[in-house]
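Input: a single structure, listed below in structure tokens.
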There are 2 protein chains.
Amino acid sequence: MLDGRIRCKTLNQKIMTAEKAAELIKDGMTVGASGFTPAGYPKAVPLALAQRAGDGEDIKITLITGASVGDELDGALTRSGVIARRYPYQTNASMRDAINNGSIKYSDMHLSHVPQWIKYGFFGKIDVVIVEAIGITENGGIIPSTSIGNSNVLVEMADMVIVELNTSQPVTLEGIHDIYSLDNPPNRKAIPIFKPDDRIGTTYIPCNPEKIKAIVYTDIIDKTRDVTLIDDDSRKISNHIIKFLYDEKTAGRIPEKLLPLQSGVGSVANAILGGLCECDFKNLTIYSEVLQDSVLDLIDAGKVDFASATSLTISPSRLDDFYRNFGKYRDKIILRPQEISNNPEVIRRLGVIAMNTAIEFDIYGNVNSTNIGGTRMMNGIGGSGDFTRNGYISIFTTVSTAKDGKISSIVPFVRHVDHTEHDVQVVVTEQGLADLRGLNPSERADLIIENCVHPDFKNQLREYVERAIRTSKFVHTPHDFETVFLEFSDD
Amino acid sequence: MLDGRIRCKTLNQKIMTAEKAAELIKDGMTVGASGFTPAGYPKAVPLALAQRAGDGEDIKITLITGASVGDELDGALTRSGVIARRYPYQTNASMRDAINNGSIKYSDMHLSHVPQWIKYGFFGKIDVVIVEAIGITENGGIIPSTSIGNSNVLVEMADMVIVELNTSQPVTLEGIHDIYSLDNPPNRKAIPIFKPDDRIGTTYIPCNPEKIKAIVYTDIIDKTRDVTLIDDDSRKISNHIIKFLYDEKTAGRIPEKLLPLQSGVGSVANAILGGLCECDFKNLTIYSEVLQDSVLDLIDAGKVDFASATSLTISPSRLDDFYRNFGKYRDKIILRPQEISNNPEVIRRLGVIAMNTAIEFDIYGNVNSTNIGGTRMMNGIGGSGDFTRNGYISIFTTVSTAKDGKISSIVPFVRHVDHTEHDVQVVVTEQGLADLRGLNPSERADLIIENCVHPDFKNQLREYVERAIRTSKFVHTPHDFETVFLEFSDD
């Protein structure tokens, strides 16, 4: 394997099979892994571990990653019954079922909390971390692949490190990473980022080579998903946001070049961000978690000058083109640890414009991002709270109806609250946008129903508000708790 | 009035009566005011304004302060019908009634959002600000009294400034303030605070003297309230927290000297913090919003070395003693703008231990801080979210029952969510403490019921959980939405 990916020559002796490396992982261990979206997560060692369980070995682990990962990790290990506990986020179909039937214990966490919880010791000892890499430097430094997530923190805190050198990930990625670690309080310093393109760290994760116990070669590709094209609803939502931002600029409430944009993850979020290709803004920047296809479109369209994130999730159909033209993007993107990409300090300082997707929101502006019907965990809150609470302005989007128009995405009271009325400033559907800033709850309800609710449900929601006012002793945030969940159900 | 409080001599000509100064305030204006808790808020001019309305003048204003203020401002102006809109927090009985009957439009906001909303222009133009001060420097700089709140930001943004020189506030307070203002994005710098006693600004609010249109002398005292003594329940809650922190220290999850403490405001919070006088920790520091009597107790007891906040709310019975011994406290306290005291950047960097009070919390760890029964606004969220979301660890406390033991403060689903399950790490009642870190929702429910719920309600809540599991298709966060609000009501 003298392909030059391992520059620390003493480490060549640590090359082994995935099966051999997986033997380092024992029952009861807490295992960290790289990965943030289906990008940059380990694949070969998890598959080997799943095989052991499939062969009958009784093995249960706690798994901590950056965020969601691909099926080789969350899916295979779920189906083989290896995962007992999971932090902090997932999007895998098998795992989702296991969480919802109670066989995996899942804690759905703000992503910016995770790195410090690891370092504070709140998760206990990290026994081993598996990190996907494109190479290892002369001093043992690990060069990540398509995401960073919590890898730097996990490598720092874990007893043992397993590196998966993935040859499907091009070495040309070297240089786009910017690794910077924070001390724990009371010794924490300021994070010296003042604009999205500030480079403050190293291009590799520092690692004592002696901690690297195994190096496994693999060429399994990231299981990114193709994204849907911009559909009519996404385009309408984008246009409402563009008009809002344009009006804000005209009113002098936001700078001419806007402020760094953050966009939630997924097909819909990608389409909404992609809609900005048709805006009149220029020299935009992105300070977000995940760079999806639409960011490449925005760079191509000359709209975006620079984009910072912790993950690069390019769809399969776009990937070849991306690497073929990598020179065009290299100086315009940076990947950071999620401790930095999602840090309240940086998000508040830069004044990030936060745009995230909701499952449903209610007439007072509370948002459910996680649990369909209040009890069925979909993915998790991810970084949406980190950006929403600390940004310049927080925007939530959803299509106004779900289940083929049968239910309204705007309800009297969301069945699970992930973002409160205090956090949410603007809500948008394809119907329109409601700017909630400065409004009291009753005004919010009127504006949301007027601007955002689908016509099929406006009267029903108006009737709820009238009934709530009639039956409540107090009318600041009126509710009729006897009926609040009886209508608008999607059970 | 040659008492030396006005060092900028040209400003002597601006001295006028409260009635004359109040004439600067016209119908429809947005009025800012100093004040954070019943400390350091203007008194004479609001009373004069209320009188005008009482005399029949039709005048409505929008009022923006730091946080709550005393009755001369929120109470008198509410009763005279002057306040149309109110941001961002209040604790006044008259105003609470007016909010709950719909006659005042109130937006309940995270306190750290307010200063930047003022500077971003989200509230529109600030016509006039009334600032209580103990003096004016040679260059027009305004020396605040017992609180800062948003005064610096309001003075910067307002068209006109009215200064209330309050001779009941001793000039010895000069020097305890540390005023530092932030630029708007994209030009915002790092806040250079690395420990609670770092001094980074000026001892006065910079102000172009030409903006000062009126100076009014008054001697009306801050209407602070006496605090209740530490009762049995508070002591038990304190002891649970002390034990938790001691265990965290022993486990190496928190430094020997702990980390800066934040405590919510009010009589109960004061009592709980006061309970720490009996702990074994030493050299503690405080990085909070409000310094109440218990902080003086902790300084006296040699527990606390330094305390930073934006308000100094000493109870009437303690005030004389405080000023008589001011030399003992002077070098141990600092007051900052709330943009700094509540800033996510500083709170996260310092690793503040956040301790706030709840009205109720639910079995999954969601907290209601604001609306009794879900519809009756009590005070507001204040700064609790700023500290909870960004601290080292977030703790919520409440007594386990309310209404003389007739209702449980722990319910299946809080009727208003101010802090979500993602935000809340530890909950405490006099019954015990539940450390929710790392637990999935079902485990949280079991632990909370076991440790925190009053024995009178344990079975009822256990039955709810069983029913929820039985009736839910999904058991990650089981709920029975048909009955969730039917029991545990305090309507």
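To find a chain, count down the sequence lines: A is the first, B the second, and so on, and within it residues start at 1. Note that these values count all heavy atoms, side chains included, but never hydrogens, waters or copies made by symmetry. Please read these numbers as outputs of a predicted model, since none were measured by experiment.
Ranking B/G438, B/G102, B/P88, B/G121 against chain A, the residue ahead of the rest is B/G438, based on heavy-atom pairs under 4.5 Å. Between chain A and the residues B/L350, B/I193, B/I381, B/N184, the most heavy-atom pairs under 4.5 angstrom are made by B/I381. Per-residue heavy-atom pair counts under 4.5 Å with chain A were compared for B/K189, B/E248, B/K195, B/H479, and the maximum is reached by B/K189. Counting heavy-atom pairs closer than 4.5 Å to chain A, the top residue among B/W117, B/F123, B/Y364, B/F194 is B/W117. Interface remark: of the candidates A/L439, A/T62, A/D183, A/L439 forms the most heavy-atom pairs closer than 4.5 Å to chain B. Interface summary for chain A: among B/I104, B/D108, B/N101, B/I191, the most heavy-atom pairs under 4.5 angstrom belong to B/D108. With respect to chain A, the highest number of heavy-atom pairs below 4.5 Å among B/V484, B/D97, B/L182, B/D423 belongs to B/D423. Heavy-atom pairs under 4.5 Å with chain B peak, among A/K105, A/R188, A/H110, A/R85, at A/H110. Listed options A/G380, A/G351, A/P344, A/P478 were ranked by heavy-atom pairs under 4.5 angstrom with chain B; first place goes to A/P344.
Neither the backbone nor the side chain of A/R86 comes within less than 4.5 Å of any heavy atom in chain B. Of the two parts of B/I393, only the side chain, counted from C-beta on, holds a non-hydrogen atom closer than 4.5 Å to a non-hydrogen atom of chain A. When heavy atoms are compared at a cutoff of 4.5 Å, A/I254 does not approach chain B at all. Proximity to chain B (any heavy atom under 4.5 Å) is shown, for A/D386, by both the backbone and the side chain. The parts of A/P186 that come within reach of chain B are both its backbone and its side chain, each placing non-hydrogen atoms under 4.5 angstrom from that chain. The part of A/F413 that comes within reach of chain B is its side chain, from C-beta onward, which places non-hydrogen atoms under 4.5 angstrom from that chain. Contacts of A/V352 with chain B are absent, with no heavy-atom separation under 4.5 Å from either backbone or side chain.
Annotation: cation-pi geometry satisfied between B/R415 and A/F481 (NZ/CZ under 6.0 angstrom from ring centroid, within 45° of ring axis).
From A/Y106, atom OH reaches atom CG of B/N440 across 11.5 Å, with rounding to the nearest 0.5 Å. Expressed to the nearest 0.5 Å, how far CD of B/E345 lies from CZ of A/R349 amounts to 4.5 Å. In this structure, CG on A/D480 lies 10.5 Å from OG1 on B/T375, to the nearest 0.5 angstrom. Atoms CD and CG, on B/Q116 and A/N390 in that order, are 9.0 Å from each other to the nearest 0.5 Å. Expressed to the nearest 0.5 Å, how far CD1 of B/I99 lies from OG1 of A/T477 amounts to 10.0 Å. We find the NE2-OG distance between A/H422 and B/S369 to be 7.5 Å, quoted to the nearest 0.5 Å.
A donor and an acceptor atom, one from each side chain of B/S112 and A/R348, are located under 3.5 Å apart. Inspection of the A/R376 and B/S472 side chains reveals no N or O donor paired with an N or O acceptor under 3.5 Å. With 3.5 Å as the limit, one finds no donor-acceptor pair spanning the side chains of A/N371 and B/H476.
Heavy atoms only, all atoms of each residue included: B/D418 and A/T420 are closest at O-CG2, 3.5 Å.
A donor-acceptor pair under 3.5 Å is absent between the side-chain atoms of A/Y120 and the main chain of B/Y392, judged by distance alone.
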- [ ] Please test A/V475 against B/N100 for side chain to side chain contact (heavy atoms under 4.5 Å, CB included), starting from the C-alpha separation and ending with a verdict.
- [x] CA-CA 5 Å; A/V475 297; B/N100 285 315; over 6 Å; no

Please test B/M377 against A/F474 for side chain to side chain contact (heavy atoms under 4.5 Å, CB included), starting from the C-alpha separation and ending with a verdict. CA-CA 8 Å; B/M377 171 55 68; A/F474 310 102; over 6 Å; no

Q.
Determine whether A/N366 and B/H416 satisfy the following criterion, side-chain hydrogen bond (donor to acceptor under 3.5 Å, both in side chains), listing intermediate values before the conclusion.
A. CA-CA 10 Å; A/N366 301 284; B/H416 193 276; 5.5 Å; no

As a quick check of understanding, evaluate side chain to side chain contact (heavy atoms under 4.5 Å, CB included) for A/R389 and B/H113, giving each step before the final call.
CA-CA 9 Å; A/R389 275 289 280 110; B/H113 279 170; 3.5 Å; yes

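Using cut-offs of 30° and 60° on the angle between ring planes, the pair B/F485 and A/F485 is parallel.
For A/E443, the CD atom counts as densely surrounded, since its 6.0 Å shell holds more than 12 non-hydrogen atoms of other residues, nucleotides or ligands.
Looking at B/L259 and A/P185, their side chains come closer than 4.5 Å, going by heavy atoms from C-beta outward.
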